[in-house]
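All values derive from a computational prediction rather than experimental measurement. No hydrogens, no waters, no symmetry mates; every other heavy atom, side chains included, goes into these values. Every chain is numbered from 1, with letters handed out A, B, ... down the list of sequences.
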Amino acid sequence: MKSIEEKRLLYRVTVEGSAEAFAGLYDLYADPIYRFVFLKVSHAEAAEDITSEVFFKTWRYLTSANKKGKRPTVQSFSGLVYQIARNAVVDYYRERAKDQEERHDIIIETKKEDAMEAQSDIDRMYHALRQLKQEYQEVLLLRYIEERSFREIAKILGRSEVSARVTVYRAIRLLKRMLENTL
Amino acid sequence: MKISYITQQIRSLAERPELSPSSEWKARNRSALLAYHIEEDISDNSYQNTTLSFLDKLTTWKNIFVPRSLVMAFRPLMSILIFLGLAVGGWMTSASAFYESIPGDFLWNVKLATEKTQIAFSGSEEKKTKLHVEFAGRRADETKLAVEQGNPDASKRSMDKLKESIESVDIGIRAVGEESPDRLVALVKDIDTEAQKITNTLNEAVNEAEQIDTKVVKQVAETNTFIASSTIQAAEVALQRVGGESAETVKEIVAKNIETAVAAVNEVRAEVNEAKLMASTTTPAFITSTPILSQTTSVSSSSLEVVADAEKLVEKSAVAVEQTATAVKTFVDNKQFFEAIQKVKELQALTSETSGVIADVKEATKPQQTAAPVPLSIADPAPVHDAASPTVVLTGSTE
């Protein structure tokens, strides 16, 4: 049902340029996109700025028209918004690379460690996850945190369903190995 | 460590507060996005000026709601069904609406899709080329309909598609030359006949139109040149490939095309004289208010500049056309067909260019009908070119 609602909102934005419908899409995707970005930049303010930019760029893209007055062909909002988010993160790092010193200013916001063992496991998991390459981080986030199907992951990443499955499997195995080594 | 434990741990990461944006920021950002960026963008952006046609909306709906796999699976089936429906079905009404559809109509896109299918299913290069010629003819008919309906956008799109078909014919001719050279001469002959019909249709579109945009006149002239150039190019390809009796047939086609090109020069010559006459009479002295006829012939100062520039161009083009036409005749007399063909191509381009200039002159010297004579007023802000002639009235742009 969520998917149908999402498609309906996407249709209204594309055809009618409805800001109200776009607000509906924002409500559906603000959290996932923020998470997706935060996992890559590890900085709350940067994640907020990038997320804002992602939604504005998405709006502009959906309501833009080419010289012939044709709208872009968009089949899935999730595919588009994640793609824009990925590009925005790349741009962010490109900007930061200009000033190497800034790299050391990255503040990783972590909650104070809890005395409980389970919390400690989650921390280890979080740090291990962040050690993975971007592609693996993305698939694990989409699969287990956003609970997306392999078909959806494939659409978002622009690859086949089989390839999405294989990537998730490899990411999990690598994560497992990393966690076992830290124990 | 079990995989299930790991996946469970990853899921629980969602609960980490830093992995979720604060609800306050979310709400603030939502408001800012809507109130500032989007609202501002709506007022600036061109999207509100872009009206989507029914077909665009339908395509968007299909893209969003219908899975791509389903579209891909059904596309060949739909094309075959449409093709069979039109080929087998004898519903004259729908067939008529189908064939008379012009760019902008939903059925026009269906028609193009059907044609693509027909080409895809036709076996040999020769059949494909013949189909491209046939479809070029359809585009010419559509252009005529669009001109009759006063729809310059549709006529332009039809002519663009017509050119695409002609380009495919060019490619097809070369392929047939490779595949079955024995069929080449007959094909070139067919193309020549059909090209003549297409040119006639386009000329009728211009000549029979009650009102026609100068741009459309120019587009028709360009398209005709494109067709004539492709036809003679087809003959050139054939001439390179065949010998003996067949070559003689091709030479006849070339000679006929040369005659047509030279005849076009004569027409242009007559039009040049007419345009020069128009240009020379469109002087301030001519542009007078004629209250007796209850009409005013008025031409803007910018139109006068167009006329002056065009007159020079017309004269220059006329000289070039004459020189090229003479060169063509010389080559034909010396049986230098390839050289003659090259010159004919130049001649076609020149006559097309001259026709465009003539169209500009006609447009600039076209009298404007007004309901009542424009009264002379000393306070009239329009520039008065001839102070000695108080009846001269120059109004704003005629466009």
What's the separation between atom [atom1] in [X] and atom [atom2] in [Y], rounded to the nearest 0.5 Å?
X: A:Leu10; Y: B:Phe65; atom1: CG; atom2: CZ; answer: 8.0 Å
X: B:Ile3; Y: A:Tyr169; atom1: CD1; atom2: OH; answer: 7.0 Å
X: A:Tyr126; Y: B:Leu13; atom1: OH; atom2: CG; answer: 8.0 Å
X: A:Thr51; Y: B:Asn29; atom1: OG1; atom2: CG; answer: 7.5 Å

Near [X] [atom1], under 6.0 Å, is it more than 12 heavy atoms from other residues, nucleotides or ligands?
X: A:Arg151; atom1: CZ; result: no
X: B:Glu134; atom1: CD; result: yes
X: A:Arg8; atom1: CZ; result: yes
X: B:Arg11; atom1: CZ; result: yes
X: B:Lys156; atom1: NZ; result: no

(message) Could you check whether any side-chain heavy atom of B:Thr7 comes within less than 4.5 Å of a side-chain heavy atom of A:Arg143, counting everything from C-beta outward?
(response)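 Side-chain contact under 4.5 Å: no.
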
(request) For the residue pair A:Met125 and B:Ile10, establish whether any side-chain heavy-atom pair is separated by less than 4.5 Å. (result)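 SC-SC contact between A:Met125 and B:Ile10 confirmed.
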
(message) Can you tell me which of B:Pro21, B:Ser12, B:Ala14, B:Ser20 forms the most heavy-atom pairs within a distance under 4.5 Å of chain A?
(response) B:Pro21

(request) Using a cut-off of under 4.5 Å on heavy-atom pairs, state which of A:Asp31, A:Val74, A:Leu141 scores highest against chain B. (result)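 Counting heavy-atom pairs under 4.5 Å, the top option is A:Asp31.
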
(message) At a heavy-atom distance under 4.5 Å, which candidate from A:Leu39, A:Ile172, A:Asp27, A:Leu129 has the highest pair count against chain B?
(response)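 Heavy-atom pairs under 4.5 Å are most numerous for A:Asp27.
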
(message) For B:Ile64, is there any backbone N or O sitting under 3.5 Å from a side-chain donor or acceptor partner on A:Lys7?
(response) yes

(message) With a 3.5 Å distance limit and no angle check, can you tell me whether A:Tyr26 reaches the backbone of B:Lys26 through a side-chain donor-acceptor pair?
(response)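 Checking the backbone N and O of B:Lys26 against the side chain of A:Tyr26, a donor-acceptor pair under 3.5 Å is found.
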
(message) Taking side chain as everything from C-beta outward and backbone as N, CA, C, O, which of these in A:Glu147 sits under 4.5 Å from a heavy atom of chain B? Side chain, backbone, both or neither.
(response)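 Side chain of A:Glu147 only, per the 4.5 Å heavy-atom cut-off to chain B.
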
(request) Taking all heavy atoms of B:Leu33 and all of A:Ser52, pick out the closest pair and write down the distance. (result)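 That closest heavy-atom pairing would be CD1-O, 4.1 Å.
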
